[in-house]
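Sequence lines set the chain letters: A, B, ... in the order given, protein chains first and strands last, and positions in each chain run from 1. Treat the numbers as computed from the prediction; the structure is a model and nothing was measured.
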Amino acid sequence: MKETPLSNCERDFLLKAIEEKKRLDGRQTYDYRTIKVTFGTDYGCCFVDLGKTRVMAQVSCEIVAPKESRPNEGIVFFNIELSPMASPTFEQGRQSELSVKLNRQLERCLRNSKCIDTESLCVVSGEKVWQIRVDVHVLNHDGNLMDASSIAAITALCHFRRPDVSTQGDEITVYSPEERDPIPLSVYHMPICVSFSFFQQGTYLLVDPCEREERVMDGLLMIAMNKHREICSIQSSGGIMLLKEQVMRCSKIASVKVSEITELVGKALENDRKARKAGEKCGFAESLPQERITALKTDKTPVEAMDVTEKVDDIIQKAEVPPLSVPSPSLPVPGVGQVGQNTWGLDEEEEEEEEGEEDRDSSGEEEEKGTKTQKEKDKDEVVELSDSEEEEVVILHPDT
Amino acid sequence: MAAGFKTAEPLEYHRSFLKENCRPDGRELSEFRTTTLNIDSISTADGSALVKYGNTTVICGIKAELTNPTVEAPGKGYVVPNVDLPPLCSSRFRPGPPGELAQAASQFIADIIESSEVIQPEDLCIERGKLCWVLYCDLMCLDYDGNLLDACVVALLAALKNTKLPEVTVNKETSLPQVNVDQRHSLNIHRHPVATSFSIFDDSILMVDPTDEEESLATAQLTVVTDEEERLCCLHKPGGTAMSGEKLQECMSRATVRQREIQKLINKVIHSVNMEK
Amino acid sequence: MAGLELLSDQGYRLDGRKATEVRKVQARMGVFAQADGSAYLEQGNTKALAVVYGPHEMRGSRSRTLHDRAVINCQYSMATFSTAERKRRPHGDRKSTEMSLHLKQTFEAAVMTQLYPRSQIDIYVKILQSDGGNYSVCVNAATLAVIDAGIPMRDYVCACTVGFVDETPLADLCYAEESGGVSSLALALLPRGGQIALLQMDARLHQDHLEALIEAAMIACKGVSKVLDEVVRQHLQEVSMLTAE
Amino acid sequence: MEACSISNLKLREFGCEQSLLSRPDGSASFIQGDTSVCAGVYGPAEVKVSKEIYDRATLEVLIQPKVGLAGVRERSQEQCVRETCEASLLLSLHPRSSLTLVLQVIHDDGSLLSCFLNAACMALMDAGLPMSCLFCGVTCAISADGQIVTDPTAAQEKESRALMTFAIDSTERNILMSSTKGSFSVHELQQCIVVSQKASEKMFQFYRDSVKRRYSKYL
Amino acid sequence: MFSALQDRVGQILLPGDEFCSDTDDTISLSEPVKSEKLVCGPGLRRSGARLLVCKSGVLRHKPPNVFWIDCQQRRYVPARGETVIGIVTAKSGDVFKVDVGGSEQASLSYLAFEGATKRNRPNVQVGDLLFAQFIVANKDMEPELACIDSSGRASGMGVFGGGGLLFRVSLGLVRRLLAPNSDVRSDLEQLFPCELVVGLNGRVWVKAASIQQTLIVANLLQSSDAMTATQRRQLFAKVQQGAL
């Protein structure tokens, strides 16, 4: 399904508006859209709303064998799923260019910068380590998927708790959350991506482009930093010509934005920790916006079930009782049985000499011979096996 | 002329037959096609069966292998069913990864094995936590003419009853399994689930054992699986026209009759194979 | 950095180079007859081969034709024998798809595509031996191949990978330095206008060092562009001598 | 033919939000207890030539699990939801076009298939697609001691002897779709059907209230 | 049937509700049984003697006998005679392909412009905006557009769009905007003068004196999509003195 095309007048208007420092939704050039971070019911599930762009991240863990090159380090695996729900152009299954670019950038931003301590994920060195898998699902694409995905991924990792595990010899026991409370991951620092879009060959610069601005931009510069002003990764894409001064200006803006976002994420994690400690119910259900007219919630509703038994009884009475007698099958030949009136007069062909073999030459038989398992002709003929690779051929006689 | 009418207006063609409540191939609405069962036709498999519902032909081969049980269920072996619809059985299936129909059928068979408890997974366990049997049940459709699910369930049940597993003893010191091939015992089958499929035509007429053409014109499919104690193992109706409780009751009673019929057929054929040995 | 000493205190690196010294570059253009443009480039032990076809009419998916400029189609792949352990999937995985994307983007900026509307230019790059700085060697080889094909470009595109160890930037990293966890920055530059066609950085680096690193990378790129320029002039000399007789 | 006892049946608190996403033509999220699903509908839109049907729209249902890729179980659930929607949608009004319904699992705490069905119905209604009737999903579990539990949680589902999910249509309250696991008697099945038909009254009333609340500004 | 519908006007109806005629046409000797003719618009469907609702929304009534369901929808389904805003996506031979947001691309012949002849072809580029009317639009045929009305004059249709902003709103708001004396339009007029082109496929083009004002109008219209009349008036008043 193709995207609705962009008309020339829309493109000209957007570019003219950017020249006059005006954006569609009235933001300034360096403003972010409102960021909303909410958490799901279980640990490691987090939703990020960046304006209308909506992304969900879910962290899960599993015990696997480590890589040979790093025997005592856990494995962290990222996967951004561009769900067909997010935009008509996202197809199921096919890895589009955008999905490869986003996945590689998230990997570079969160894995190469060693923000998760992988040594602490080792259970039995060389044999069993934790594999942490971060699945990011894009639910609504309204521009700037990279920032939303990176915020969702790092927040979910901080929010995640993996089950406690103890080893006796090579026997490992995994404790369920009830037995021992799960352990958080050790996160050294929180890299956050900030995207800058460039227009008119780099003369104009916008932060956090929305979907319409992304369609008219020339290129994008993505800088990932943490609040200690350390750069975790930089990636420029699109046919833009950058100058050194522009890159330096972007990194300064990025450091300001990153500290704001990190503080917001910290507050969200804190609220959630307080809510869970206070035992309140938390999850997607609570984050349903009750005040909106498009949302409605009801509490437990009883289902009255007085006349159920009467209804059931009269249905069963009304149905006529199935007859007990059943036609008995005919056995033209041992190993072959048939029931139901046969239309091909199997009995007349009784005198066929090959007994124990389907003697009707229905199409099913020929193909079957073509299949790799050789069908047994009759008792004494040597059963020639398919060219399986075992050295000595074992001749199986079915009637022993 | 009838052939032209059939290709031009398939729906009208079928309606004209259904008015006198019979069907183009001469069967009544609640009548099954000739069901043929052949057991132990593949010698290289541990258990095999070939079933024909009219033209629809399904062959089931079971191979047993030794493996270590899963971490979550150390005391149980497991069964891996797989329904394969190769391009040779109908022009509608193209080579390549299994399509939606094949995957839905595999999931259906897996649910049946689990819900009906046809075999106890504990029987497949040899050494708790160390060694157990895994039964790879591969069902291949050789000729597709409608009603795939019924044929698959009967083929699977017959093949399971025909399966012979060799004796396995775990040698204490080397803890290696020793398999002696000639000492074989068969699986004990606890339940005999049999499937009966119906299809609904024009939101009103209910018919049993639909052919491929009737299936494509039908507005709903329903499959009822019952066992010998008339317990239901599955009521699989993936959408289509709505059905009332009474109609479902009608289908279930037809299914119990069919179950007895098939069970009798399987027992007789198994008996004839053992007698002949 | 743990283990081997990447930069000795006298300022020498593992392979004896100075901090700002680029590896030895050897290049030849016009190595294939049937390609429109081709080039072979060695930078230290990293060997790359680039071939250019086009601009020719659109093949494959006609729907991608652009009515105002040429479509650049890049494919980056590494030979299975190019690294220590054999590479099973030379060009299907995410890393090489991303590398092809970056090459395509770099050359969309540099090549004057608006001169060839509704046409296609193919650039295929193969790494024969990999010893670090794969991206920059590919860009340099592809630049030579595009020039050899006679396709007009705004400027040379030269790329270089720069690392950062003990506060000093190291130009043109080899594999040992790259895999040692050094924060590396890859930069593709159009030297005359000082415009950056592509900027890519991994691993952690404090913001204040960024300026120094980019400066060092631009100097290294200018050095590489001089070498490339010299190779092109010498190649043209030979060609003009042959045609002169 | 032992029958199971029925007492104090209840449905967990459930809620729904419509048009919560800006890009799809229709979207809805449905929550039953802790189980929540988000659905998005595109269409009637352009169809791929390979999937085009000359006299009706092609409906495609995609189920995205929360972790990992869609497997065989998701594929069979997709078939159930797709054929239920095809029975209720008037596909012949938009021939040679495509409808895409995407269901994303937000959290699974039991009765997932019925949550899929409810979310799908609300999303189709939100997209304003022509439908001949509405449908709702109800899940019943028969616990080990023969109790019928409606809208079971994941824990109740795990230790139940049988699990049945029905799709019930709004006009005559008949069974559109049924998907079952475990074994049960004919009597128990009929009881669960009647209980589900009763529970569907509440669901359809909830549908009417939420649409009424949504259009409250345009009366 | 008529009275059954009459008393449900203004109420919410869901797919599956139905009105059957046999319930209320009690045979009364007093007033003659007049055969009332009902015109049912989008959202209602006739099947045999019954009238079925197939979309959820509010039942509306126009005096003589026209009933329809006012449904909030975003995806446009082409209908004959409706004027829409289309984007030209391709020029193939003598037919332009136009995207109207429906399930198929509409076709527009180059002759369907005012004063277009074989030699004097209209100047239409890929990506231009078009205001056109559907001359053929039903479920079995490819929709066809024309930029001239029956008498051959453009009457406002054709290529347009320089300097304005195109944005999308729900089909409900578009119908309210195009209603004869629509209150949304009257509120807008008090703000500041602006040029407005409204397509029934949910696309609106606006151009005001400055870019700032164009953006204000666009944002106002998009947010008033989900507001009651009073809330909208307050918002417009706030904008009047506030962010001018």
Side-chain angles (χ1 to χ4, degrees), chain B residues 11 80-83 94 97-118 190-191 193 200 203 218-227 229-253 255-256, chain D residues 1-2 50 59-61 70-89 113 117 120 132-133 135 142 161-197:
Chain B
L11 212 52
V80 179
N82 177 39
V83 176
R94 259 180 290 290
E100 165 156 314
L101 187 59
Q103 293 193 27
S106 303
Q107 184 62 44
F108 172 78
I109 296 290
D111 286 349
I112 294 292
I113 293 171
E114 203 193 327
S115 319
S116 67
E117 293 145 4
V118 54
H190 295 266
R191 286 260 172 63
I200 300 173
D203 303 330
T219 56
Q221 313 284 352
L222 164 71
T223 304
V224 181
V225 180
T226 61
D227 60 15
E229 291 130 18
E230 285 184 18
R231 289 187 64 78
L232 283 162
C233 321
C234 170
L235 183 74
H236 176 63
K237 181 179 182 310
T241 32
M243 284 173 72
S244 63
E246 294 75 15
K247 267 244 166 98
L248 285 176
Q249 189 60 31
E250 213 182 62
C251 300
M252 282 185 271
S253 44
T256 45
Chain D
M1 289 251 280
E2 84 287 348
S50 59
L59 176 64
E60 200 192 347
V61 175
V72 178
R73 175 157 296 286
E74 278 77 24
R75 185 50 59 95
S76 100
Q77 285 171 339
E78 276 166 15
Q79 185 196 19
C80 291
V81 172
R82 179 166 52 75
E83 291 191 9
T84 308
C85 295
E86 268 167 8
S88 121
L89 281 168
L113 187 51
L117 290 165
S132 60
C133 66
F135 55 88
I142 303 177
R161 175 160 54 86
L163 186 70
M164 300 171 227
T165 304
F166 299 109
I168 294 169
D169 82 299
S170 61
T171 42
E172 305 112 18
R173 300 287 187 280
N174 279 337
I175 305 294
L176 270 172
M177 189 280 293
S178 106
S179 159
T180 67
K181 265 171 85 59
S183 65
F184 39 86
S185 75
V186 172
H187 201 87
E188 282 163 348
L189 174 80
Q190 292 292 357
Q191 274 178 319
C192 287
I193 288 178
V194 174
V195 161
S196 307
Q197 282 163 340

* Check against salt bridge (Lys or Arg N to Asp or Glu O under 4.0 Å), D/Glu188 and D/Arg161 -> CA-CA 12 Å; D/Glu188 282 163 348; D/Arg161 175 160 54 86; 2.9 Å; yes
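For D/Arg82, the part lying near chain B is the side chain, with the backbone staying farther off; criterion is any non-hydrogen pair under 4.5 Å. Heavy-atom distances place both the backbone and the side chain of D/Gln79 under 4.5 Å from chain B. Contacts of D/Ser179 with chain B are made by backbone atoms alone, with heavy-atom separations under 4.5 Å and no side-chain atom involved. Of the atoms belonging to D/Ile193, it is side-chain heavy atoms, and not backbone ones, that fall under 4.5 Å from chain B. Only the side chain of B/Glu114 comes within contact range of chain D, with at least one heavy atom under 4.5 Å from a heavy atom of that chain. Only the side chain of B/Met252 has a heavy atom closer than 4.5 Å to any heavy atom of chain D. B/Ser116 does not touch chain D: none of its heavy atoms, backbone or side chain, sits under 4.5 Å away.
Contact between B/Cys251 and B/Met243 at its shortest, heavy atoms only, is SG-CE, 3.9 Å.
Using modelled atom types, no side-chain atom of B/Glu100 and backbone atom of D/Arg75 make a donor-acceptor pair closer than 3.5 Å.
The greatest number of non-hydrogen atom pairs below 4.5 Å with chain B, out of D/Leu163, D/Thr180, D/Leu176, D/Val72, is found for D/Leu176.
Judged by distance alone, the side chains of B/Thr241 and B/Thr219 do bring a donor and an acceptor atom under 3.5 Å apart.
Residues B/Glu250 and B/Lys247 are not paired through a salt bridge, judged by the lack of any N-O separation under 4.0 Å between the basic side chain and the carboxylate.
The side-chain contact (heavy atoms from CB on, under 4.5 Å) search around B/Gln221 returns B/Ser199, B/Pro210, B/Glu215, B/Ala218, not counting sequence neighbours.
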